[in-house]
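Note sheet for the following structure.
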Amino acid sequence: MQSKELTNAERFASALKRNGVEFIFGQSNPTKIMLASMALGIRQIGFRQENTGTYMAQAYAMASGKIPCVAAQNGPAATLLVPGLAEDYKAGHPVVAIVQEVPLHDAEKNAFQELDHEKLFEGCAKWIKKIYSEDRIEDYVDMAFTAAASGKPGPAVLLCPQDIFNDKTTRPVKSTRKASLGHYPLDRTLPALELIKEAAELLLNAENPLVYAGGGVFSSDAVKEIRQLQKEFSLPVATTTMGKGCVDETDPLTVGVIGYYMGHRSATKFLKPMVQKSDVILLVGNRTNQNGTDSWTLLPEDATYIHIDIDPMEIGRNYEAMRLLGDAKLTLAALIEEMKKGNLAKRKDKEESIVNEIAEGRKKHQEEIKDVMTSEISPIRIERFMAEVEKQAADNCMIVADASFSSIWNANYITAKGDREFYFPRGLAGLGWGFPMAMGCKLACPEKPVFSLSGDGGFAHTWSELETCKREGINVIAAVINNKILGYQYYAEKFKFGDVTNAVWIDTVDYAKIAEACGQKGLTIRTVEDIKPVLEEAFEAVKTQSVVIDIKTETFCQPPLPMIDTLKLSELV
């Protein structure tokens, strides 16, 4: 076996390269590892703050199916990785975090920026290990990628002591490892065949079946299979927010996004009875969380549940279910084959009534939103803006939302059709994700247009990354709802307490000027007449630079949340 003379940092970088790493989202540290990685062609995306780097990495993983790396210095920089890793941990997105450690000989001596990183990441990572020996560098890098990619994907953290990786000594290294582990899912498993047969019979014989698909469909790359299940067996398919796009929302058998925002003007408000009369519900990659179930009140208690998931703890967490523990792609494919062997008569007989019920619900929705879709007021209604985005966004556009109301607007007012892809931060739903996630999407798919929507509160968390866009040549559209209010917080306080704290009000900011100050394109929408030409200019300009659209909207934008339906306009002050 031939050996090479490498430093420890070069060994680490070589292991990253072998595992398919293209980018490290970092800010120079650990420096020797970063330099060695750059020498191998791994590109460092130098963010302005560590938390945004993890948001970029999250979206890169979601869009590419590859495992990204994010890096940080020990101490305060490492602490800023926590929000992004926590989102990944909850939502099931893989990332390998490379964290600099104080030298081993300085441990427990109050060295500069020393911190117990193992305790820091304990609640937001699947796996945390420190490299104590240069002899195990490749082993630990591979273990990190294995941990991130296997089972339910999630964050893995590698702690890298400075004395090991700053060592300039070169040593002979035998190249014994060949595997590339930087993709997911790493392993695909199937449930027992007898369980799949039983599930097939239940779905074939159900009076009112429903498929409720979550983000796990995308993690498993099971879009083809879930669409085949829908088409071949005339099954209505609803999705969670993270599952949006796994089925085409123009398909007559697609219900749309369901959950806690099925209030006034929701795209699926009039299909709630259909969901609630379901007798057999197939959950696919679905966490059955609070928002996706409207605080566990939406789905019927007396239904029979079948749950496909890679995580054994998610199956039966909130709804006792037949346990189909395994990879969604393989399990759906096996389920389809078993259903083909059965009697399809009932499914075909039910198709017309299902299609008619969905069509009627869509028709009622269009009638209910007429007033806001044609509103002429200034500042504008956000729905009027969304209607034009729906027209102009390409069928291969990557549609990204920040948390809060932005996710609700994108989920309800932009149609999943063609090859459109949708990205939402729904693990913890923290503010500030939208814009950097758009950047991660663009790095993963540079040939596709990327449009993101944020509120003024969320965009303020991360607008410094406009400079990163300029420097790194990352071109995305960042649309900002500029209504001078933390909208979700305002409505939640009004609903729960009848009054609001002073922090819900924020001052006016010219977001277009911020973009221009960073050498990017800034556009402003003040009236309905501005919407069409500004979006046309934005989608053209984004081919060569990032674009910020400052949307002057009415203060009290009201998304389809049932709690808001209970408030009167006279109370909104």
Side-chain angles (χ1 to χ4, degrees), residues 12-13 15-30 33-34 37-38 40-72 77-78 80-99 121 124-128 141-150 152-158 160 180-186 215 218-219 221 398 400 421 423 425 427 433 435-446 448 450 462 465 468-469 472 474 476:
F12 192 102
L16 295 182
K17 185 75 173 178
R18 172 170 51 80
N19 281 298
V21 175
E22 299 174 304
F23 303 102
I24 300 178
F25 298 90
Q27 205 172 56
S28 296
N29 291 300
I33 289 175
M34 203 67 74
S37 297
M38 291 169 63
L40 292 178
I42 297 173
R43 178 179 166 193
Q44 179 182 202
I45 303 298
F47 47 63
R48 299 307 300 266
Q49 195 172 42
E50 285 74 11
N51 55 358
T52 57
T54 59
Y55 311 161
M56 295 176 209
Q58 173 188 338
Y60 173 84
M62 294 169 74
S64 69
K66 300 173 184 177
I67 301 176
C69 291
V70 64
L80 292 170
L81 298 180
V82 169
L85 298 188
E87 165 74 23
D88 292 332
Y89 184 71
K90 290 289 288 184
H93 306 305
V95 61
V96 171
I98 303 165
V99 179
F121 295 117
C124 63
K126 290 178 63 179
W127 183 93
I128 312 156
V141 171
D142 282 11
M143 280 191 276
F145 280 93
T146 300
S150 59
K152 180 181 179 180
V157 180
L158 266 176
C160 302
S180 181
L181 306 167
H183 58 88
Y184 72 107
L186 188 58
F218 292 116
S219 296
D221 188 26
M398 305 176 88
V400 185
E421 298 173 8
Y423 296 86
W433 261 255
F435 174 42
M437 281 184 70
M439 296 168 66
C441 284
K442 188 65 178 180
L443 286 166
C445 302
K448 295 182 180 181
V450 181
T462 56
E465 299 301 340
T468 305
C469 287
E472 297 288 351
I474 302 170
V476 301

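Position 1 is the first residue of the sequence, and the numbers go up from there.
Residues Val95 and Ile67 have side chains not in contact (no heavy-atom distance under 4.5 Å, counting atoms from C-beta outward). Under the 4.5 Å side-chain criterion, counting only non-hydrogen atoms from C-beta, Val82 is in contact with Phe121. Trp433 has its side chain out of reach of Thr462: every pair of non-hydrogen atoms, C-beta onward, lies at least 4.5 Å apart. With contacts defined as side-chain heavy-atom distances shorter than 4.5 Å, the pair Val157/Lys126 does not qualify. Residues Leu85 and Tyr89 fail the side-chain proximity criterion, which asks for heavy atoms closer than 4.5 Å. At least one side-chain heavy atom of Leu443 sits under 4.5 Å from a side-chain heavy atom of Ile45. Side-chain atoms of Phe23 and Cys69, non-hydrogen and from C-beta on, never get closer than 4.5 Å to each other. Side-chain contact check for Ser37 versus Phe12: every heavy-atom pair is 4.5 Å or farther apart.
Not a single side chain to side chain donor-acceptor pair (under 3.5 Å) links Glu50 to another residue, sequence neighbours left out. Under the side-chain contact (heavy atoms from CB on, under 4.5 Å) criterion, Ala71 pairs with Ile24, Pro30, Met34, Ile98, sequence neighbours left out. The side chain to side chain donor-acceptor pair (under 3.5 Å) check on Thr468 picks up Glu465, Arg471, with sequence neighbours excluded. Looking at residues two or more places apart in sequence or on another chain, you find a side chain to side chain donor-acceptor pair (under 3.5 Å) between Lys66 and Glu22. For Lys152, the salt bridge (charged side-chain N to carboxylate O under 4.0 Å, His left out) criterion is met by Glu314, not counting sequence neighbours. Considering only residues two or more places apart in sequence or on other chains, Tyr184 meets the side chain to side chain donor-acceptor pair (under 3.5 Å) condition with none of them.
With hydrogens and angles disregarded, no donor-acceptor distance shorter than 3.5 Å links the side chain of Gln44 to the backbone of Met38. Remark: side-chain polar atoms of Asn19 are paired, donor with acceptor, to backbone N or O of Leu181 under 3.5 angstrom. Within the 3.5 Å criterion, the main-chain N or O of Met437 finds no donor-acceptor partner in the side chain of Lys442.
Shortest non-hydrogen contact noted between Leu158 and Val141 is CD1-CA, 3.9 Å. When every heavy atom of His183 is checked against every heavy atom of Pro185, the shortest pair comes out as ND1-O, 4.0 Å. Of all non-hydrogen atoms in Cys441 and Val400, the two that sit nearest each other are SG-CG2, 4.0 Å. Considering every non-hydrogen atom in both Ala156 and Ala144, the closest pair reads CB-O, 3.3 Å. Between Ala61 and Pro68, the closest heavy-atom pair is CB-CD, 3.6 Å. Contact between Pro153 and Pro94 at its shortest, heavy atoms only, is CB-CD, 3.7 Å.
Counting non-hydrogen atoms of other residues, nucleotides and ligands closer than 6.0 Å to NZ of Lys90 gives a total of 12 or fewer.
Side-chain contact, Tyr60 with Gln58: no donor N or O sits under 3.5 Å from an acceptor N or O.
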